Amino acid sequence: MNSLQQRDAEVIVVGAGPAGSTVATYLARAGVDVLLLEKTVFPREKVCGDGLTPRGVKQLIDLGIDTSEDAGWVHSRGLRILTGDLTLELDWPELTSYPPYGVSRTRQDFDDLLAKTAVKAGARLLERTTVTGAITDATGRVVGVEAKTGEDKREVSYRAPLVLACDGVSARLALSVGIGKNEKRPMGVAVRRYYKSSRHDDPFIEGHLELWDRSDPARPKLLPGYGWAFPLGDGTVNVGLGMLSTSKAFRSTDYRALLRQWLDGTPEEWGYREENAIGKVGGAGLPMGFNRTPHYRDGLLLLGDAGGMVSPFNGEGISAAMESAQLAAEAVVQALARPEGSSRERALQGYPMAVAELMGGYYRLGNVFAKLIGKPAVMRAATKYGLRINALLPLVYKGLSGCYDAKGGDVVDRLIAAAARATPSPR
Ligand SMILES: Cc1cc2nc3c(=O)[nH]c(=O)nc-3n(C[C@H](O)[C@H](O)[C@H](O)COP(=O)(O)OP(=O)(O)OC[C@H]3O[C@@H](n4cnc5c(N)ncnc54)[C@H](O)[C@@H]3O)c2cc1C
């Protein structure tokens with residue numbers, strides 16, 4: 001067979017993070033021959049906060065994964081919100097769409113588990129295989145990928161009628177066919193580190209809406225950014241902070257120093273000190289609010305971070321990556337059952353439509369939110385006054401966590417859904 005006729009799979013999935021392993025699992029279960037290409041070797045570290053809201057837990061349940069504590073998941077009952085002088089504890093809401101608990105698990109474990117699930121379903125996983133770009137035909141359609149594989153970085157190519165970009169924030173595959181990012185959409189940067197801490201079995205995950213530098217106790221200084229602490233139940237806590245590109249300090253900040261400045265001012269007994277730290281500070285970008293589109297073009301689908309799907313409200317990206325995977329699998333299975341050509345293309349166009357329907361309005365609203373809270377005065381007013389109005393809390397809480405019933409639900413759910421629908425697309 002010459003290289004033009006070569007076909008190595010029905011679908012090539014590039015990247016075995018949450019998006020890639022999830023879509024590979026669904027496709028393989030539907031009987032599709034899937035080649036899953038991953039540059040690293042599992043189990044491996046991935047810089048992340050390691051936390052899932054109930055929205056992400058639903059995705060695990062949909063995949064058939066046991067999310068019980070016996071199966072190694074740490075459950076959270078809700079979110080503790082902290083500002084300089086206010087602490088609120090809010091249980092995850094009772095909803096039709098999502099379970100009433102969140103989970104945490106290191107990405108080292110989490111991604112390994114998802115990749116194993118894909119392999120068990122029948123996907124062919126090739127590790128240590130870095131995709132360097134797309135192969136296109138004369139019409140510009142993506143028909144495969146170029147890669148370097150193995151210890152010796154041997155150059156190889158793989159071909160398939162459909163290619164799914166699940167390669168994360170680097171989005172190398174999308175870039176190779178000229179799909180760049182929209183600079184008008186918000187971007188985040190986040191850093192995190194693990195600490196041995198007595199708070200490792202706290203039943204709440206924490207969101208710190210204000211970061212204070214207390215090195216001079218007489219004159220505490222408000223730092224830019226927002227922090228989190230996600231207990232991992234194994235003696236450690238994942239602690240980190242992030243900042244939005246809408247903030248003035250975005251480009252000029254030394255994030256590692258900022259983390260240290262903040263944590264040195266937290267209570268000694270929490271344990272977030274150098275002597276309790278495990279490993280180095282890790283950081284990465286958070287592509288938000290659909291900052292890379294179109295999500296389908298010429299045989300290439302973009303999923304998860306590769307499609308800029310991190311929530312501008314809270315920096316959560318795992319649930320969106322898995323949701324996009326579920327929707328992509330549905331569209332791809334339908335497409336492959338049709339003859340090549342316009343009918344198949346129509347089925348594939350169903351993917352960006354479904355992603356836009358699920359997340360588009362909420363993210364448009366999130367992009368507006370990101371712009372507003374990038375202004376310190378707005379953020380200060382919101383934390384100082386907004387969080388003290390009890391009637392507003394469910395709105396803030398459900399809105400920020402994305403945990404609301406988009407259909408039906410209570411008055412708060414309906415309000416968020418309506419606001420999401422009504423927010424116009426930015427130019
Ligand atoms: C510090 C930090 C904290 C975060 N905290 C949270 C959190 O608590 N909860 C949450 O939901 N989200 C969090 N996020 C966001 C979350 O990590 C991402 O949104 C999520 O991992 C996206 O999943 P993905 O599958 O799209 O991409 P990724 O998880 O990035 O997976 C991409 C995969 O593709 C592989 N790959 C990349 N390039 C290539 C290539 N060229 N060839 C082959 N393989 C390739 C990578 O090795 C990787 O396995 C955080 C992010 C950061 C940076």
Side-chain angles (χ1 to χ4, degrees), residues 12-24 35-57 59 76 102-108 110-112 114-115 125-134 145-149 158 163-176 187-194 205-207 226-230 232 238-243 255 259 281-288 292 302-311 313-325 328 401-402:
I12 292 172
V13 176
V14 178
S21 290
T22 303
V23 75
L35 188 58
L36 177 56
L37 306 177
E38 167 57 44
K39 71 175 180 187
T40 65
V41 177
F42 293 106
R44 54 98 179 100
E45 220 187 337
K46 154 81 176 86
V47 175
C48 187
D50 304 327
L52 267 79
T53 62
R55 206 170 162 134
V57 182
Q59 284 302 315
S76 64
V103 297
S104 305
R105 190 167 194 148
T106 65
R107 288 290 297 274
Q108 169 127 354
F110 184 90
D111 288 23
D112 187 39
L114 287 191
L125 170 66
L126 287 190
E127 293 167 287
R128 211 175 263 124
T129 302
T130 302
V131 169
T132 50
V145 297
E146 307 275 8
K148 291 188 175 160
T149 192
Y158 300 104
V163 177
L164 275 49
C166 305
D167 49 351
V169 63
S170 67
R172 193 165 181 175
L173 200 51
L175 280 171
S176 78
M187 196 56 210
V189 167
V191 294
R192 69 94 176 97
R193 200 174 194 187
Y194 296 106
I205 59 169
E206 274 182 1
Y226 321 98
W228 72 80
F230 295 166
L232 289 166
N238 180 321
V239 191
L241 60 81
M243 199 185 292
Y255 290 90
L259 185 66
V281 179
L286 298 166
M288 296 176 160
R292 195 180 302 276
L302 311 189
L303 284 71
D305 276 15
M309 294 185 194
V310 173
S311 166
F313 281 108
N314 61 12
E316 187 183 13
I318 299 172
S319 57
M322 295 177 78
E323 284 170 359
S324 69
S401 67

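Note that the structure is predicted; figures quoted are calculated from it, not measured. Residue indices begin at 1 and follow the sequence shown. Whatever order the structure lists ligands and atoms in, that order sets their numbers, starting from 1.
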Are any of the N/O atoms in T130 less than 3.5 Å from those in ligand 1? no
For atom 31 (O) of ligand 1, the closest protein heavy atom turns out to be G17 CA, 3.5 Å
Under the side chain to side chain contact (heavy atoms under 4.5 Å, CB included) rule, collect the residues that match up with V169, sequence neighbours excluded. M187, P287, D305
V310 to ligand 1: N or O pair under 3.5 Å? no
Looking only at protein heavy atoms, which one is nearest to atom 25 (O) of ligand 1, and what is the separation? A19 N, 2.9 Å
Sequence neighbours excluded, which residues qualify as side chain to side chain contact (heavy atoms under 4.5 Å, CB included) partners of L286? A190, M288, V310
Please name the pair of heavy atoms, one in F42 and one in A16, separated by the smallest distance, quoted to 0.1 Å. CZ-O, 3.3 Å
Would V47 count as a polar contact of ligand 1, with the cut-off being nitrogen or oxygen pairs under 3.5 Å? no
N or O contact, V131 vs ligand 1, cut-off under 3.5 Å: yes
Could an N or O of ligand 1 be found under 3.5 Å from any N or O of I318, whether backbone or side chain? yes
D111 N/O to ligand 1 N/O under 3.5 Å: no
Using a plain distance cutoff, I'd like to know if D305 has any nitrogen or oxygen under 3.5 Å from a nitrogen or oxygen of ligand 1. yes
Out of C48, G240, S324, G188, whose heavy atom sits nearest atom 2 (C) of ligand 1? C48
Nearest option to atom 35 (C) of ligand 1, as decided by whichever heavy atom of R55, E38, E127 sits closest: E38
Would one find an N or O of V191, backbone or side chain, under 3.5 Å from an N or O of ligand 1? no
Do K39 and ligand 1 have an N or O pair less than 3.5 Å apart? yes
Quick test of your reading of the structure: of G15, A147, G304, P18, whose heavy atom lies closest to atom 23 (O) of ligand 1? P18
Got an N/O contact under 3.5 Å between F42 and ligand 1? no
